[in-house]
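Each remark here refers to the structure printed beneath this line.
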Amino acid sequence: MHIAIQVCVPPYTYEDLDTAMHLAEAALRKGHRVSIFLFADSVLSVNAKVKPVKTDRNIPLKMQELAEKGVEIHICGMCAEYRGLTQDDTIKGPKFSGVPEMASLIFNADRFMSLMP
């Protein structure tokens, strides 16, 4: 089964991104294919320059680990550009995409979830 998850909120403001990462991990353990599409402020979750304090989670590192495990991570290119995030600023693994790729994920996935405020 292919599960696609869209996230639209900032990484350290709400727990939606944490939920998406936990769902992705659980789905991978069950043998499912997982795609995450980062839209709006959620694109900041793959910023390699983020240095969280020691007591907080390192979301970019967790996202990179998911990519290394096979999760397909898409970043809305226009959202990233608007926020000054370039390919050089991101962790390894994510692909810059756009609304057509998001539409394709929605159409082709067996299950689609959207996490937003």
Side-chain angles (χ1 to χ4, degrees):
M1 178 182 300
H2 179 203
I3 300 168
I5 306 168
Q6 176 190 27
V7 184
C8 299
V9 298
Y12 289 98
T13 305
Y14 302 99
E15 292 185 4
D16 293 28
L17 193 60
D18 297 277
T19 299
M21 291 187 297
H22 288 106
L23 287 169
E25 283 277 354
L28 285 176
R29 282 194 301 273
K30 296 285 187 178
H32 300 297
R33 179 177 161 223
V34 181
S35 299
I36 296 176
F37 191 94
L38 301 173
F39 196 73
D41 285 335
S42 69
V43 300
L44 299 172
S45 64
V46 294
N47 185 344
K49 295 179 180 180
V50 169
K51 303 293 182 224
V53 294
K54 292 180 183 180
T55 58
D56 205 351
R57 64 227 187 273
N58 188 329
I59 290 176
L61 179 61
K62 290 178 181 267
M63 293 295 284
Q64 184 168 329
E65 290 169 355
L66 283 175
E68 290 168 355
K69 291 177 182 177
V71 173
E72 190 178 278
I73 300 173
H74 294 267
I75 307 166
C76 173
M78 192 177 336
C79 300
E81 184 177 332
Y82 183 79
R83 288 156 182 82
L85 188 66
T86 67
Q87 187 93 37
D88 293 336
D89 298 325
T90 64
I91 59 171
K92 295 177 185 173
K95 303 172 189 169
F96 277 72
S97 298
V99 174
E101 289 84 4
M102 182 176 62
S104 178
L105 284 174
I106 293 168
F107 183 78
N108 293 308
D110 297 299
R111 298 288 182 265
F112 175 75
M113 294 173 235
S114 182
L115 302 172
M116 57 191 339

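All values below were derived from every heavy atom in this structure, side-chain atoms included, with hydrogens, water molecules and symmetry-related copies excluded. Source: prediction; values computed, not measured.
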(message) Which heavy atom of A24 sits nearest to which heavy atom of I5, and what is that distance?
(response) N-CD1, 4.3 Å

(request) Heavy atoms only: give me the nearest P60-V50 pair and the separation to one decimal. (result) CG-CB, 3.9 Å

(message) Please find the pair of heavy atoms, one from P94 and one from I91, that lie closest to each other, and give the distance.
(response) CD-O, 3.3 Å

(message) Are L105 and V71 linked, directly or through intermediate hydrophobic residues, by side-chain heavy-atom contacts shorter than 4.5 Å (ILVMFWY only)?
(response) no

(message) For the CG atom of L85 and the SG atom of C79, what is their distance to the nearest 0.5 Å?
(response) 10.5 Å

(request) Could you note down all residue pairs passing salt bridge (Lys or Arg N to Asp or Glu O under 4.0 Å) where residues 3-17 supplies at least one of them, sequence neighbours left out? (result) none

(message) Run the side-chain hydrogen bond (donor to acceptor under 3.5 Å, both in side chains) test against T86 and tell me which residues pass, sequence neighbours left out.
(response) D89

(message) When you group the ILVMFWY residues by side-chain heavy-atom contacts below 4.5 Å and let the links chain together, are M113 and L28 in the same group?
(response) yes

Return all side-chain donor-acceptor pairs below 3.5 angstrom for residues 30-37, not counting sequence neighbours, or 'none' if the list is empty.
from	atom 1	to	atom 2	distance (Å)
R33	NH1	H2	ND1	3.4
S35	OG	H2	NE2	2.8
S35	OG	E72	OE2	3.3

(message) I need the full list of salt bridge (Lys or Arg N to Asp or Glu O under 4.0 Å) pairs touching residues 54-68, with sequence neighbours left out, sorted by first then second residue.
(response) D18-R57

(request) Kindly indicate, with the supporting measurements, whether the criterion side chain to side chain contact (heavy atoms under 4.5 Å, CB included) is fulfilled by H74 and M102. (result) CA-CA 8 Å; H74 294 267; M102 182 176 62; over 6 Å; no

(message) In the structure I gave you, are the side-chain heavy atoms of Y12 and L17 within less than 4.5 Å of one another anywhere?
(response) no

(message) Going by the rule side-chain hydrogen bond (donor to acceptor under 3.5 Å, both in side chains), which residues pair with T19 if we only count those two or more places apart in sequence or in a different chain?
(response) none

Could you pull out all donor-acceptor pairs under 3.5 Å where a side-chain atom in residues 38-47 meets a protein atom, sequence neighbours excluded?
from	atom 1	to	atom 2	distance (Å)
D41	OD1	R83	NE	2.5
D41	OD1	R83	NH2	3.0
S42	OG	V7	O	2.7
S42	OG	F39	N	2.8
S42	OG	F39	O	2.7
S45	OG	S42	O	2.6
N47	OD1	K49	N	2.9

(request) Please round to the nearest 0.5 Å and tell me the distance separating atom CD of E81 and atom CZ of F96. (result) 9.5 Å

(message) Do L23 and I3 make a side-chain contact, defined as non-hydrogen atoms from C-beta onward lying under 4.5 Å apart?
(response) no

(message) Within the supplied structure, the quantity of interest is the number of heavy atoms (other residues, nucleotides, ligands) at a distance under 6.0 Å from M1 CE; does it exceed 12?
(response) yes

(request) Salt-bridge test for E101 and K95: reply yes if a basic N is under 4.0 Å from a carboxylate O, no otherwise. (result) no

(message) Do M21 and M63 have side chains that approach each other closer than 4.5 Å (heavy atoms only, starting at C-beta)?
(response) yes

